[in-house]
Participant: 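The structure follows.
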Amino acid sequence: MIEYRVRTVPDFTALGQLRTAAWNGPDDGQSWPAVLARSLTWVTAHEGERLVGFVNVAWDGGAHAFLLDTTVHPDVRRRGVGLRLVRAAAGSARQGGAYWLHVDFEPHLRDFYVACGFRSTDAGLLRLA
Ligand SMILES: CC(C)(COP(=O)(O)OP(=O)(O)OC[C@H]1O[C@@H](n2cnc3c(N)ncnc32)[C@H](O)[C@@H]1OP(=O)(O)O)[C@@H](O)C(=O)NCCC(=O)NCCS
């Protein structure tokens, strides 16, 4: 059974390990305390004591929030964990006062975000570094 925790500070080493397993490149977890200190909310997924999912919500302090870093461990994908993480994050962002939740993603993830309830809009992205 997977348990979902909202705004509960995770073990940052475990978060780094989850990110390393799910994304390209190592993550030692050390940057996350500063990131989450600025977040509107975040949600973690746990199978027993093991961290298997994470999503972060940044915001502008007002109506707009931005979903980032949706991550599910490869061992538990396609079991609805990502969907539940995003739904919980959206509910928590709404409770926190946000009115709009934005996300961007690569084309192969369109079906996932549509399943999560997002609709397409035009958006822009400017590389700064
Ligand atoms: C994207 C990710 C979070 C999805 O997590 P997940 O738990 O496997 O997703 P779910 O099981 O909740 O998927 C729900 C639905 O979304 C769609 N979906 C999920 N992953 C998909 C994929 N890789 N390709 C196409 N559709 C996908 C499917 O319709 C799925 O329903 P189905 O399994 O009944 O067909 C996960 O694959 C991941 O961590 N990927 C690596 C990191 C990443 O790229 N994150 C996105 C950042 S924008």
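Atoms within each ligand, like the ligands themselves, are counted from 1 in listed order. The structure displayed is predicted, hence computed values, not measured ones.
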Participant: Suppose I only count heavy atoms of Ala22 and a 4.0 Å limit; which atoms of ligand 1 are within that range?
Facilitator: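 The atoms of ligand 1 under 4.0 Å from a heavy atom of Ala22 are 41 (C).
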Participant: Report the nearest protein non-hydrogen atom to atom 7 (O) of ligand 1: residue, atom name, distance rounded to 0.1 Å.
Facilitator: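 Minimum-distance protein heavy atom for atom 7 (O) of ligand 1 reads Gly82 N, 2.8 Å.
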Participant: Report, as yes or no, whether the 6.0 Å neighbourhood of atom CD on Glu3 holds more than 12 heavy atoms from other residues, nucleotides or ligands.
Facilitator: yes
Participant: Quick check: does any side chain N or O of Arg19 sit under 3.5 Å from a backbone N or O of Leu15, one acting as donor and the other as acceptor?
Facilitator: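 Here the side-chain-to-backbone pair does not exist.
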Participant: Test of understanding: given a 4.0 Å heavy-atom threshold, classify the contact between Val72 and ligand 1 as side chain, backbone, both, or neither.
Facilitator: both
Participant: Is it true that Ser39 and Asn56 share a donor-acceptor pair across their side chains at a distance under 3.5 Å?
Facilitator: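 There is such a pair between these side chains.
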Participant: Can you check which of Gly80, Pro74, Ala21, Ala45 brings a heavy atom nearest to atom 10 (P) of ligand 1?
Facilitator: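 Nearest heavy atom to atom 10 (P) of ligand 1 lies in Gly80.
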Participant: Among all protein heavy atoms, pick the one closest to atom 15 (C) of ligand 1 and tell me residue, atom and distance.
Facilitator: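 Ranked first by proximity to atom 15 (C) of ligand 1 is Ala115 CB, 4.1 Å.
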Participant: Between Thr70 and Tyr113, do the side chains contain a donor N or O and an acceptor N or O under 3.5 Å apart?
Facilitator: yes
Participant: Relative to the heavy atoms of Thr71, which atoms of ligand 1 are at a distance of less than 4.0 Å?
Facilitator: 39 (O)
Participant: Under a 4.0 Å heavy-atom limit, does Val103 contact ligand 1 with its side chain, its backbone, both, or neither?
Facilitator: neither
Participant: Do me a favour and list the nearest non-hydrogen protein atom to atom 26 (N) of ligand 1 with residue, atom name and distance?
Facilitator: Asp111 CB, 3.8 Å
Participant: Are any non-hydrogen protein atoms located under 4.0 Å from atom 37 (O) of ligand 1?
Facilitator: yes
Participant: Minimum heavy-atom separation for Ala22 to Val72, with atom names?
Facilitator: CB-O, 3.9 Å
Participant: May I ask you to decide whether Arg79 forms a salt bridge with Glu47, counting only side-chain N to carboxylate O separations under 4.0 Å?
Facilitator: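 Looking at Arg79 and Glu47, the cut-off is met.
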Participant: For residues Asp69 and Trp23, is any side-chain donor paired with an opposing acceptor at under 3.5 Å?
Facilitator: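 No, no side-chain donor-acceptor contact under 3.5 Å.
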Participant: Can you pull out the closest protein heavy atom to atom 17 (C) of ligand 1? Residue, atom name and distance to 0.1 Å, please.
Facilitator: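 Answer for atom 17 (C) of ligand 1: Phe112 CA, 3.5 Å.
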Participant: What protein heavy atom sits nearest atom 47 (C) of ligand 1, and how far away is it?
Facilitator: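 The closest one turns out to be Trp23 CH2, 3.5 Å.
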Participant: Tell me, which protein residue and heavy-atom name are nearest atom 8 (O) of ligand 1, and how many Å apart are they?
Facilitator: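 Among all protein heavy atoms, the one nearest atom 8 (O) of ligand 1 is Arg78 N, 2.8 Å.
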Participant: Answer side chain, backbone, both or neither: which part of Arg79 comes under 4.0 Å from ligand 1, heavy atoms only.
Facilitator: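 It is the backbone that touches ligand 1; the side chain stays farther off.
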Participant: Any nitrogen or oxygen of Leu83 lying under 3.5 Å from a nitrogen or oxygen in ligand 1? Just yes or no.
Facilitator: yes
Participant: Flag the pair Arg50 and Asp75 as a salt bridge only when some basic side-chain nitrogen lies within less than 4.0 angstrom of an acidic carboxylate oxygen.
Facilitator: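 Yes.
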Participant: List the residues meeting salt bridge (charged side-chain N to carboxylate O under 4.0 Å, His left out) with Arg110, not counting sequence neighbours, and say none if there are none.
Facilitator: none
Participant: For Val81, take its heavy atoms, then give the atoms of ligand 1 lying under 4.0 Å from any of them.
Facilitator: 7 (O), 12 (O)
Participant: Between Thr44 and Arg5, does any side-chain donor sit less than 3.5 Å from a side-chain acceptor?
Facilitator: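 There is no such pair between these side chains.
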Participant: Looking only at protein heavy atoms, which one is nearest to atom 46 (C) of ligand 1, and how far off is it?
Facilitator: Leu109 CD1, 3.4 Å
Participant: How close does the nearest protein non-hydrogen atom get to atom 48 (S) of ligand 1, and which residue and atom is it?
Facilitator: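 Closest protein heavy atom to atom 48 (S) of ligand 1: Tyr113 OH, 3.2 Å.
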Participant: For atom 24 (N) of ligand 1, which candidate among Arg77, His108, His73 holds the nearest heavy atom?
Facilitator: His108
Participant: Quick check: does any side chain N or O of Thr20 sit under 3.5 Å from a backbone N or O of Gly16, one acting as donor and the other as acceptor?
Facilitator: yes
Participant: Can you list, pair by pair, the side-chain donor-acceptor contacts under 3.5 Å of residues 93-103, counting residues two or more places apart and other chains?
Facilitator:
{"from": "His102", "atom 1": "NE2", "to": "His64", "atom 2": "ND1", "distance (Å)": "2.7"}

Participant: State whether the shortest distance between N or O atoms of Asp104 and N or O atoms of ligand 1 falls below 3.5 angstrom.
Facilitator: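 Not met; the criterion fails.
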Participant: Does some non-hydrogen atom of the protein lie less than 4.0 angstrom from atom 2 (C) of ligand 1?
Facilitator: no
